[in-house]
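Right, one structure below, let's go through it.
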Amino acid sequence: MNEVQEQQNNLNTNYASFFKRLMASVLDSTFSFCVFVGMLLAGMALAFPNVMYRHRYDLDLTSMATVLAVFFTSLLLATVVNLIHTLVILPKFGGTLGKLLYGANVLNSNTDSFLDTKTAFWRQFAGYQFSAQFFGLGFLSMLKDPQKLTWHDHMFDTKVVNAKGNLFVGLLATLLFWGLLGFLIYQLVLTGTSTFNF
Amino acid sequence: MILYDLDMYSTFANVNASLRLAWKHKKLWVFALLVAGGLSFNSGSSNSNGNKDSSSDTPRETPQQQNIDLYDLEQNAEKKVLGTSTGMMAPIDETRTNSIQNRVAPADVLTAPRPPVIPVAQIVIIVADLLVLMLFGIFVNLFVNAWATGSFIKGLGLAIDDKAYTFRDLAVVGRQKVASLVKFSLFTSLLSLLAVLPLVGVGIWTAVSAIKNSPSFSPAPILVTSLAYVPLMALFIIAVHYITIFAIRHIVFKEMGVKEAFSAGWGTFKENLGRALKLTFANCLVQAVIGLALLISLGLIIGILAAVAFGVGTVLKEATALLVILGILVGTPLLIAVLLALSALAGFSQTYNGFTWSHLFNYSEYERSTRTAK
């Protein structure tokens, strides 16, 4: 593609802004935490069922081991969910939950198609680590880039463009997930204090 | 390049050129950072306040039992004890007796000691979870590190040849070389593990014999092994380290497979043993100087800040809230700046290191090609 065509292409493409991408990441992180805390709560309810009969457990070796087992199992399951989120949702629908709600799609720069699974893996794992060096300089570099591309976008030939959905929907979803996370954490603390004899 | 026009290789020229190139090619610092970065004891019975026994956290109780009282007496042991202590009195008001008993003495004093309950199922689950999480982390780290290494080495080569490159160009090469570099990494890790195993085996055997107080126990085998084997093991691991330095360059530049690259790396190391050792010494010296310069700079900054903080604190000694706010406002950006500087220094240092070995590798290949041509 020659320079004039590339410039024309840049003008025609509606690239997602820094704020949109940042808030989409925040929403994704909040979603991940909600999944983890939710699983932790469910695990505690399954492991200590007598709590519903106002029964308190002694904080002994068995209980502590049970809590640790619930914690690590929840962490593992949450990791699996995040992996599916990254390697299935992103290539299939063109974005993570956050990006889709905020109205952004991650596309291949050359073909304008959704990413394949391998590129999604490299972009999320290697690319994000790369851009995160020097306090996220790679992410901030998009502020000066004419195509609003980060370092990992340059490396893996991707771009993030505006799509269906809008900022308002995304912000609403973010607030809802924050509320949900707060509620889940509150329930978890409540469960912890009412389950054990301290 | 100046190094290759000389009849003799010069470590000094190598270090000079590498320092200049490392400073010039700051893009490579990020790759360098990624490359460097790169896993019913049973309480016995109820407590005196009558709370649930830990062994009863399996769902045995019914809600009706819960409703009787909050005390928790194990069905077998406590009731027998109750029978013993209150056998003279009949009929027994169980609720009253139990509450009296709990006020008089904790039930665990009266029950026979129970063996500790080891939560085997939970431990198995914890270990399994940790294992899976660790394996996942190692898998991802292995691939990302291999990708970063391939990209970094390619970047070093292009920089030495004064060719232009972008992040994309290096990332593409990194992805192409991932499989070979991952296999190589696993191969060298296995070699190092095999080297350490005999020592571990002897150590375990000695420990077991000592614990069993076996008459045949003697510290002689472990001492002999330590004296004879450990130096050999150390030399082997060091050799593998140097072979790796050259082998990964063979993989990236010469498109070699794992075994071929290992063999070629060994060949390059053998031919350049003296130069490699001199370069190692020179690199240690350079890193020490960089480290010293950093320490002095940090010391100066901290000293100046401490003096300023003392002065400000003396003037504003009553306004602690203001002091705290000032401290945060000044301290936070300063901390970020220091951390950024440290990251940059680490990136520069690793990049410099990479350039020195790439220069030596290139010179070795140049020497071999001129020898072959003759």
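Within every chain, numbering begins at 1; the chains are lettered A, B, ... in the order of the sequence lines, protein sequences first and strands thereafter. What's counted below: heavy atoms across the whole structure, side chains too, no hydrogens, waters or symmetry copies.
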Open item on the list: I want to check something: taking the side chain as every heavy atom from C-beta on, are B/Gln122 and A/Met64 in contact at a cut-off of under 4.5 Å?
Closed with: no

TODO: Pick one of side chain, backbone, both or neither for A/Thr73, based on which atoms fall under 4.5 Å of a heavy atom in chain B.
DONE: both

- [ ] Drop me the distance from B/Asn141's CG to A/Gln129's CD, to the nearest 0.5 angstrom.
- [x] 7.0 Å

Open item on the list: Need one label for B/Val124: side chain, backbone, both or neither, based on atoms under 4.5 Å from any heavy atom in chain A.
Closed with: neither

Task: Per-residue contact mode, A/Phe71 against chain B (heavy atom under 4.5 angstrom) - done: neither

- [ ] Identify the residue among B/Ile125, B/Ile126, B/Leu130 that makes a side-chain contact (heavy atoms from CB on, under 4.5 Å) with A/Leu68.
- [x] B/Ile126

Open item on the list: If you count heavy-atom pairs within less than 4.5 Å of chain A, which of B/Ile123, B/Val140, B/Val172, B/Val144 leads?
Closed with: B/Val144

Open item on the list: Any heavy-atom pair between the side chains of B/Leu34 and A/Gln133 that's under 4.5 Å?
Closed with: yes

TODO: Would you indicate whether the side-chain heavy atoms of A/Leu61 and B/Pro119 approach each other to under 4.5 Å?
DONE: yes

- [ ] Find out whether A/Met155 and B/Trp147 are in side-chain contact, i.e. whether some heavy atom of one side chain is under 4.5 Å from a heavy atom of the other.
- [x] yes

Task: Contact residues of residues 83-104 of chain A (partner chain B; heavy-atom separation under 4.5 angstrom) - done: A/Leu83

- [ ] Answer whether the closest heavy-atom distance between the side chains of A/Leu75 and B/Asp129 falls below 4.5 Å.
- [x] no

Open item on the list: Could you check whether atom NZ of B/Lys183 has more than 12 heavy atoms from other residues, nucleotides or ligands sitting under 6.0 Å from it?
Closed with: no

Open item on the list: Using the ring centroid of each side chain, check whether A/Phe130 and B/Phe167 are separated by less than 6.0 Å.
Closed with: yes

Task: By side-chain hydrogen bond (donor to acceptor under 3.5 Å, both in side chains) - contacts of A/Asn108 (at least two apart) - done: none

Task: Aromatic plane relationship, A/Trp122 with B/Phe143 - under 30° parallel, 30 to 60° tilted, over 60° perpendicular - done: tilted

TODO: Counting only heavy atoms closer than 4.5 Å, note whether A/Ser74 contacts chain B via side chain, backbone, both or neither.
DONE: neither

- [ ] Against chain A, label B/Ala344 side chain, backbone, both or neither, depending on which of its atoms sit under 4.5 Å from a heavy atom there.
- [x] both

TODO: Measure B/Ile336 against the heavy atoms of chain A and call it side chain, backbone, both or neither at under 4.5 Å.
DONE: both

Open item on the list: Please check if the number of heavy atoms outside A/Tyr128 that lie under 6.0 Å from its OH is greater than 12.
Closed with: yes

Open item on the list: Shorter than 4.5 Å, heavy atoms on both sides: which option in A/Phe135, A/Phe125, A/Phe134 has the most such pairs with chain B?
Closed with: A/Phe134

Task: Non-hydrogen side-chain atoms of A/Phe156 and B/Arg175 separated by less than 4.5 Å - done: yes

